[in-house]
Engineer: 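Right, I'll just put the structure down here and ask away after.
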Amino acid sequence: MSADRTFPRNMTQMTSLHETRLAHVFTQLKASGARRVLDLGCGSGSLLYRLADDPQFDEIVGLEASGLSLRQAREVLASWLGEKTQRIRLMQGSYAEAQPALAGYDAAALVETIEHVNPEALSRVEISVFGQMRPSMVYVTTPNREYNPLFDLEPGEFREPDHKFEWDRMKFQRWARGVAGRNGYEVTFGGIGENDPEFGQPTQTARFCRGPVT
């Protein structure tokens, strides 16, 4: 099959998966009962838009390192950012660095963002998010490398050029269990997207909770 034929199909798959992923993470955050929520690596604000549109969420913060992405998020969220209540805030910064103002929230989401972090910086992410911010629940999504052949990707080829790694399910779960054990969380795993009996789902998830998982 030619590249001209596979590229549009892959784009359609990726777009559909992106929307499914956002809907799934929003549902998880809402079901947790969280009222004060962080979107760490919020990008252009797609998840923040969903959160802002639901009155359950009293305080919503998006943290993003890219100034361009924050500008896009400000445009997406303009109607809420103009409210006097300041229910939603955008901050420029990295979740791999100390953010003392973001400690103690009910929940945090890291949606398709850890794979953009250099592996040697993941220990700083752990310290900042799980050791210092310590939200009651953290929901992480990341690509499942095993599924990549079904996107017609070659071995070793990443879904996005900026990805620093893409993990298989075993490696992701080993990392997540280590983070949970070192920081007093319990973790459960899942996935998003069409399930393949051999490769699993295209997106893998980890739900970290302090105390018993509800």
Engineer: Are Leu48 and Cys42 close enough that some pair of their side-chain heavy atoms sits under 4.5 Å apart?
Structural biologist: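 Yes. Closest side-chain heavy atoms under 4.5 Å.
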Engineer: Do Val111 and Tyr49 land in one hydrophobic cluster if side-chain heavy atoms of ILVMFWY residues count as linked below 4.5 Å?
Structural biologist: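 Same cluster.
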Engineer: For Pro143 and His163, work out which heavy atoms get closest and say how close.
Structural biologist: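 That would be CG-CE1, 3.9 Å.
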Engineer: For Phe158, I'd like to know if atom CZ has over 12 heavy atoms of other residues, nucleotides or ligands within 6.0 Å.
Structural biologist: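 Yes, enclosed.
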Engineer: Kindly check if the number of other-residue, nucleotide or ligand heavy atoms within 6.0 Å of NZ (Lys164) is above 12?
Structural biologist: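 Atom NZ in Lys164 is packed in, count exceeds 12.
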Engineer: My understanding is that only one of Arg134, Met91, Gln132 makes a side-chain contact (heavy atoms from CB on, under 4.5 Å) with Leu102; could you say which?
Structural biologist: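 Among Arg134, Met91, Gln132, the one meeting side-chain contact (heavy atoms from CB on, under 4.5 Å) with Leu102 is Met91.
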Engineer: How long is the straight-line distance from CZ of Phe189 back to CD of Gln204, given to the nearest 0.5 Å?
Structural biologist: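 Going from the CD atom of Gln204 to the CZ atom of Phe189 covers 9.0 Å.
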Engineer: Taking NZ, NE, NH1 and NH2 as the nitrogens, is one of them in Asp106 or Arg35 under 4.0 Å from a carboxylate oxygen of the other?
Structural biologist: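 Looking at Arg35 together with Asp106, the answer is no, because their closest N to O distance does not fall below 4.0 Å.
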Engineer: Given the rule in the side-chain contact (heavy atoms from CB on, under 4.5 Å) test, do Leu17 and Phe151 qualify, once you have shown the distances and angles that lead to the verdict?
Structural biologist: CA-CA 12 Å; Leu17 177 59; Phe151 288 130; 4.1 Å; yes
Engineer: Which heavy atom in Leu122 sits nearest to a heavy atom in Ile114, and how many Å separate them?
Structural biologist: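 Result for this residue pair: CD2-O, 4.4 Å.
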Engineer: Does Gln99 reach the main-chain N or O of Ser94 with its side chain, forming a donor-acceptor pair under 3.5 Å?
Structural biologist: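 Checking the backbone N and O of Ser94 against the side chain of Gln99, a donor-acceptor pair under 3.5 Å is found.
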Engineer: Assess whether a salt bridge exists between Asp54 and Lys30, defined as any Lys/Arg side-chain N lying under 4.0 Å from an Asp/Glu carboxylate O.
Structural biologist: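 Looking at Lys30 together with Asp54, the answer is yes, because their closest N to O distance falls below 4.0 Å.
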Engineer: Within the distance-only criterion (no hydrogens, no angle test), does the side chain of Asp39 pair as donor or acceptor with the backbone N or O of Ile60 below 3.5 angstrom?
Structural biologist: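 Side chain of Asp39 to backbone of Ile60: no pair is present.
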Engineer: State the OH-CG distance between Tyr95 and Leu63, to the nearest 0.5 angstrom.
Structural biologist: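 That separation rounds to 9.0 Å.
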Engineer: Would you say the side chain of Thr141 lies within less than 4.5 Å of the side chain of Ile192, judging by non-hydrogen atoms?
Structural biologist: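 With C-beta onward as the side chain, the pair touches.
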Engineer: How long is the span from the CD1 atom in Ile88 to the CG atom in Asp58, to the nearest 0.5 Å?
Structural biologist: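 Answer rounded to 0.5 Å: 12.5 Å.
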Engineer: Would you indicate whether the side-chain heavy atoms of Val37 and Val61 approach each other to under 4.5 Å?
Structural biologist: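 In short, these two side chains do not touch, never coming nearer than 4.5 Å.
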Engineer: What's the shortest heavy-atom distance between Arg50 and Phe26, and which atoms?
Structural biologist: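 Smallest heavy-atom distance, with atoms named: O-CE1, 3.4 Å.
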Engineer: Does the distance from a Lys or Arg side-chain N to an Asp or Glu carboxylate O, for Glu112 and Arg21, drop under 4.0 Å?
Structural biologist: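 A salt bridge links Glu112 with Arg21.
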Engineer: If you apply the rule side-chain contact (heavy atoms from CB on, under 4.5 Å), what do you find for Glu59 with Arg87, and how did you get there?
Structural biologist: CA-CA 5 Å; Glu59 186 176 350; Arg87 178 170 160 258; 5.9 Å; no
Engineer: Could you report the tightest heavy-atom contact between Glu83 and Ser79, atom names first, then the distance?
Structural biologist: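 Closest approach of Glu83 to Ser79, heavy atoms only: CG-O, 3.7 Å.
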Engineer: For the pair Glu64 (side chain) and Gly93 (backbone), establish whether a donor and an acceptor sit closer than 3.5 Å, ignoring hydrogens and angles.
Structural biologist: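 Here the side-chain-to-backbone pair does not exist.
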Engineer: What closest approach, in Å, do Ser44 and Val76 show between heavy atoms, and which atom pair accounts for it?
Structural biologist: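 Shortest heavy-atom separation between Ser44 and Val76 comes out as O-CG2, 3.6 Å.
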Engineer: Within the structure provided, determine whether Met137 and Phe208 are in side-chain contact (heavy-atom separation under 4.5 Å).
Structural biologist: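 The answer is no; the side chains never approach within 4.5 Å.
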Engineer: I need the minimum non-hydrogen distance between Ala109 and Leu29, along with the two atoms involved.
Structural biologist: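 Closest pair (atom of Ala109, atom of Leu29, distance): CB-CD1, 4.2 Å.
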Engineer: Is it true that Phe165 and His116 have ring centroids separated by less than 6.0 Å?
Structural biologist: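 Between Phe165 and His116, the centre distance exceeds or equals 6.0 Å.
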Engineer: So does Glu157 have more than 12 non-hydrogen atoms from other groups sitting under 6.0 Å from CD?
Structural biologist: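 Buried by this count: over 12 neighbours within 6.0 Å.
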Engineer: Check the surroundings of atom CZ in Arg71: do more than 12 heavy atoms from other residues, nucleotides or ligands lie under 6.0 Å from it?
Structural biologist: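 No, not enclosed.
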Engineer: Side chain of Asn183, backbone of Tyr185: donor and acceptor closer than 3.5 Å?
Structural biologist: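 Between the backbone of Tyr185 and the side chain of Asn183 there is no qualifying donor-acceptor contact (under 3.5 Å).
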Engineer: Does Leu77 share a hydrophobic cluster with Phe57, counting links as ILVMFWY side-chain heavy atoms below 4.5 Å and allowing steps through other members?
Structural biologist: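 Shared cluster, yes.
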Engineer: Find the distance between NE2 (His24) and CD (Glu19) and round it off to the nearest 0.5 Å.
Structural biologist: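 Interatomic distance, His24 NE2 to Glu19 CD, rounded to 0.5 Å: 14.5 Å.
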Engineer: If you apply the rule side-chain contact (heavy atoms from CB on, under 4.5 Å), what do you find for Leu110 with Val138, and how did you get there?
Structural biologist: CA-CA 8 Å; Leu110 292 91; Val138 181; 3.6 Å; yes
Engineer: When you measure from the side chain of Asp168 to the backbone of Lys171, do you find a donor-acceptor pair of N or O atoms at a distance under 3.5 Å?
Structural biologist: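 It does hold such a pair.
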Engineer: Cation-pi check for Tyr105 against Arg36: NZ or CZ below 6.0 Å from the six-membered ring centre and within 45 degrees of the axis, yes or no?
Structural biologist: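 That pair qualifies as a cation-pi contact.
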Engineer: Considering only NZ, NE, NH1 and NH2 on the basic side and carboxylate oxygens on the acidic side, decide whether Glu186 and Arg210 come within less than 4.0 Å.
Structural biologist: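 Not counted as a salt bridge, because no side-chain N and carboxylate O are separated by less than 4.0 Å.
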Engineer: State the CZ-OG1 distance between Arg207 and Thr205, to the nearest 0.5 angstrom.
Structural biologist: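 Output value for this atom pair is 10.0 Å.
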Engineer: Looking only at atom types and distance, does a side-chain atom of Thr203 sit under 3.5 Å from a main-chain N or O of Thr142, one as donor and one as acceptor?
Structural biologist: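 Checking the backbone N and O of Thr142 against the side chain of Thr203, no donor-acceptor pair under 3.5 Å is found.
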Engineer: Drop me the distance from Leu90's CG to Ser69's OG, to the nearest 0.5 angstrom.
Structural biologist: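 The distance works out to 11.0 Å.
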Engineer: Less than 4.5 Å apart, any side-chain heavy atom of Thr85 and any of Trp80?
Structural biologist: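 A side-chain contact under 4.5 Å is absent here.
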Engineer: Decide yes or no for Met170 and Trp175: does some side-chain heavy atom of the first lie under 4.5 Å from some side-chain heavy atom of the second?
Structural biologist: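 Answer no - side chains too far apart.
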Engineer: Identify whether Val187 and Val179 are in the same connected component of the hydrophobic contact network (ILVMFWY, side-chain heavy atoms under 4.5 Å).
Structural biologist: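 The answer is yes; both residues are in one hydrophobic cluster.
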Engineer: Is there a side-chain contact (heavy atoms from CB on, under 4.5 Å) between Met133 and Ser128 once you walk through the steps?
Structural biologist: CA-CA 6 Å; Met133 296 184 201; Ser128 175; 3.5 Å; yes
Engineer: Does CD in Gln86 sit with more than 12 non-hydrogen atoms of other residues, nucleotides or ligands closer than 6.0 Å?
Structural biologist: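 Atom CD in Gln86 is not packed in, count stays at 12 or less.
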